[in-house]
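Below you'll find the structure, written out as structure tokens, and then a few comments.
Throughout, protein chains are lettered first and strands after them, A, B, ... in sequence-line order, and every chain is numbered starting at 1. If you're wondering where the values come from, they're calculated on a predicted model, not measured in any experiment.
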Amino acid sequence: AQTVTQSQPEMSVQEAETVTLSCTYDTSESNYYLFWYKQPPSRQMILVIRQEAYKQQNATENRFSVNFQKAAKSFSLKISDSQLGDTAMYFCALSGGADGLTFGKGTHLIIQP
Amino acid sequence: DTGVSQNPRHKITKRGQNVTFRCDPISEHNRLYWYRQTLGQGPEFLTYFQNEAQLEKSRLLSDRFSAERPKGSFSTLEIQRTEQGDSAMYLCASSLPHQEGDTQYFGPGTRLTVL
């Protein structure tokens, strides 16, 4: 069975700061994808960034980047120049099996003005 | 390009009633997924379709839960004899396999409250 662990239930930073959200995972699949999704208070789940496990290069999307450590099964999300609109629940998710995505419990990120 | 849509957005029902939710995926996506999300938790996978075929349903929570996708387009999720423990957000997602890493795009969800 696949597992995803997010060990930070809540984080709070000041606007414009950089913040890193942690995620570890476990899977027996050799080919898989990792995702970070954002769920603002309106609750629509939005894709932030995607990483293919066979690619060594870390994915980046504007202010969002990941640190993918395959051997350590670690997949952290870095948000640079944080903005008030980044306030949301952030979920780490793993695909690769036949059972859809496996999600972590989420990290509630609060950006303070 | 419209996203995934779900109806209704909110449903309040009395215990013992049946409810049905609808999901319309992104038009070219042939995979459709259903998830349940309870407060403070990440989404939990329930079932998925490729076109009209339901390829995984062992994760449906009980035999009161069923899903259909009769023509490979929209899908419905039905809960029979609802219980208070069924209160949750029900999320639908769609994807196009072998493109974008089979990335799933989510709808806004249907919030179910069972009184």
Is chain B contacted by the side chain of Tyr32(A), its backbone, both, or neither, given a heavy-atom distance below 4.5 Å? neither

Hydrophobic clustering (ILVMFWY, side-chain heavy atoms < 4.5 Å, transitive) - are Tyr33(A) and Phe75(A) grouped together? no

Lys70(A) atom NZ, neighbour heavy-atom count above 12 within 6.0 Å: yes

In terms of hydrophobic clustering (I, L, V, M, F, W, Y; side-chain heavy atoms under 4.5 Å; direct or indirect links), are Tyr48(B) and Leu96(B) co-clustered? no

A side-chain contact here means heavy atoms from C-beta on lying under 4.5 Å apart; do Tyr35(B) and Leu101(A) qualify? yes

Rounded to the nearest 0.5 Å, what's the gap from OG1 on Thr102(A) to CZ on Phe45(B)? Could you check? 9.5 Å

Cut-off 4.5 Å, heavy atoms of chain A, and the answer for Arg111(B) is side chain

Testing the basics here: between Gln44(A) and Gly107(B), what is the closest heavy-atom pair and its distance to 0.1 Å? NE2-C, 3.5 Å

More than 12 foreign heavy atoms under 6.0 Å from CD of Glu68(B): is that the case here? no

Where Gly42(B) and Phe91(A) come nearest, the two heavy atoms and their spacing: CA-CE2, 3.3 Å

Is the number of heavy atoms from other residues, nucleotides or ligands within 6.0 Å of NZ (Lys105(A)) greater than 12? no

Gln56(A), CD atom: more than 12 neighbouring heavy atoms under 6.0 Å: no

CZ of Phe35(A) to CD of Gln104(B): how many Å apart, nearest 0.5 Å? 7.0 Å

Need one label for Gln39(A): side chain, backbone, both or neither, based on atoms under 4.5 Å from any heavy atom in chain B. side chain

Bottom line for Leu46(B): the part with an atom under 4.5 Å from chain A's heavy atoms is neither

Nearest 0.5 Å, please: how far is CD1 in Ile46(A) from CZ in Phe106(B)? 12.0 Å

Side-chain heavy atoms under 4.5 angstrom apart, residues restricted to Ile, Leu, Val, Met, Phe, Trp, Tyr: same cluster for Leu21(A) and Phe64(A)? yes

